[in-house]
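Some notes on the structure that comes next.
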Amino acid sequence: MIKEEIWSVSMDRARSFFRSQQDVLEQETNLFSYKSCSARITELKPKGMGVWAAKRIKLQMEGEDADVAELYHRFFIQFLSTGG
């Protein structure tokens, strides 16, 4: 499975999330692995909305369906309230 989405989350918060997961390994800066799933976060240019600019990332996950779904669910629940 490949999952790719844009989220209104800062790089620092996304990195902190992955680093806080006990069973997720940081392979290199902004690249994490969980079982067969690799997750990459990429900082995007902030999206301007009037005088406010929302920080954004691109989240890319790839691996076996169950592993991607499990890690994505954790990420989704963590950042659900951000409207990402």
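Computed from heavy atoms alone, side chains included, the values below leave out hydrogens, waters and symmetry copies.
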(message) For Lys45, is there any backbone N or O sitting under 3.5 Å from a side-chain donor or acceptor partner on Arg56?
(response) yes
(request) Kindly indicate whether the side chain of Ile57, heavy atoms from C-beta on, has any atom under 4.5 Å from the side chain of Ile6. (result) no
Please output the side-chain donor-acceptor pairs of residues 35-42 that fall under 3.5 Å, not counting sequence neighbours, one pair per line with the distance.
from  : atom 1 : to    : atom 2 : distance (Å)
Ser36 : OG     : Glu64 : N      : 2.9
Ser36 : OG     : Asp67 : OD2    : 2.6

(request) Please identify each residue that fulfils side-chain hydrogen bond (donor to acceptor under 3.5 Å, both in side chains) with Glu62, with sequence neighbours left out. (result) none
(message) Applying side-chain hydrogen bond (donor to acceptor under 3.5 Å, both in side chains), can you list everything that pairs with Glu43, at least two apart in sequence or on another chain?
(response) none
(request) Using the side-chain contact (heavy atoms from CB on, under 4.5 Å) rule, take Met61 and Ile2 through it: C-alpha gap first, then chi angles, then the decisive distance, then the call. (result) CA-CA 6 Å; Met61 293 184 173; Ile2 298 173; over 6 Å; no
(message) If the condition is side-chain hydrogen bond (donor to acceptor under 3.5 Å, both in side chains), which residues does Arg15 pass it with, not counting sequence neighbours?
(response) Asp12, Asn30
(message) Tell me whether Leu31 shares a hydrophobic cluster with Leu44, the cluster being built from Ile, Leu, Val, Met, Phe, Trp, Tyr side chains joined at under 4.5 Å.
(response) no
(request) Using side-chain contact (heavy atoms from CB on, under 4.5 Å) as the criterion, point out the one residue from Phe79, Tyr72, Phe76 that pairs with Leu59. (result) Tyr72
(message) Using the salt bridge (charged side-chain N to carboxylate O under 4.0 Å, His left out) criterion, which residues pair with Arg74? Sequence neighbours excluded.
(response) Asp23, Glu70
(request) Using ring-ring contact (aromatic ring centres under 6.0 Å, His included) as the criterion, list what pairs up with Phe32, not counting sequence neighbours. (result) Phe18
(request) Would you please name every residue forming a salt bridge (charged side-chain N to carboxylate O under 4.0 Å, His left out) with Lys55, sequence neighbours left out? (result) none
(message) Holding to side-chain hydrogen bond (donor to acceptor under 3.5 Å, both in side chains), I want the full list of residues that pass it with Glu28, two or more places apart in sequence or in another chain.
(response) none
(request) With sequence neighbours excluded, tell me which residues meet salt bridge (charged side-chain N to carboxylate O under 4.0 Å, His left out) with Glu26. (result) Arg19
(message) Holding to salt bridge (charged side-chain N to carboxylate O under 4.0 Å, His left out), I want the full list of residues that pass it with Glu5, two or more places apart in sequence or in another chain.
(response) Lys3
(message) Distance check, rounded to the nearest 0.5 Å: Tyr34 atom OH versus Leu25 atom CG?
(response) 11.5 Å
(request) Flag yes if Phe75 and Met11 sit in one hydrophobic cluster, no otherwise; membership is Ile, Leu, Val, Met, Phe, Trp, Tyr, and two members link when side-chain heavy atoms are under 4.5 Å apart. (result) yes
(request) First locate atom OG of Ser16, then atom CD of Gln21, and finally report the distance between them rounded to the nearest 0.5 Å. (result) 11.0 Å
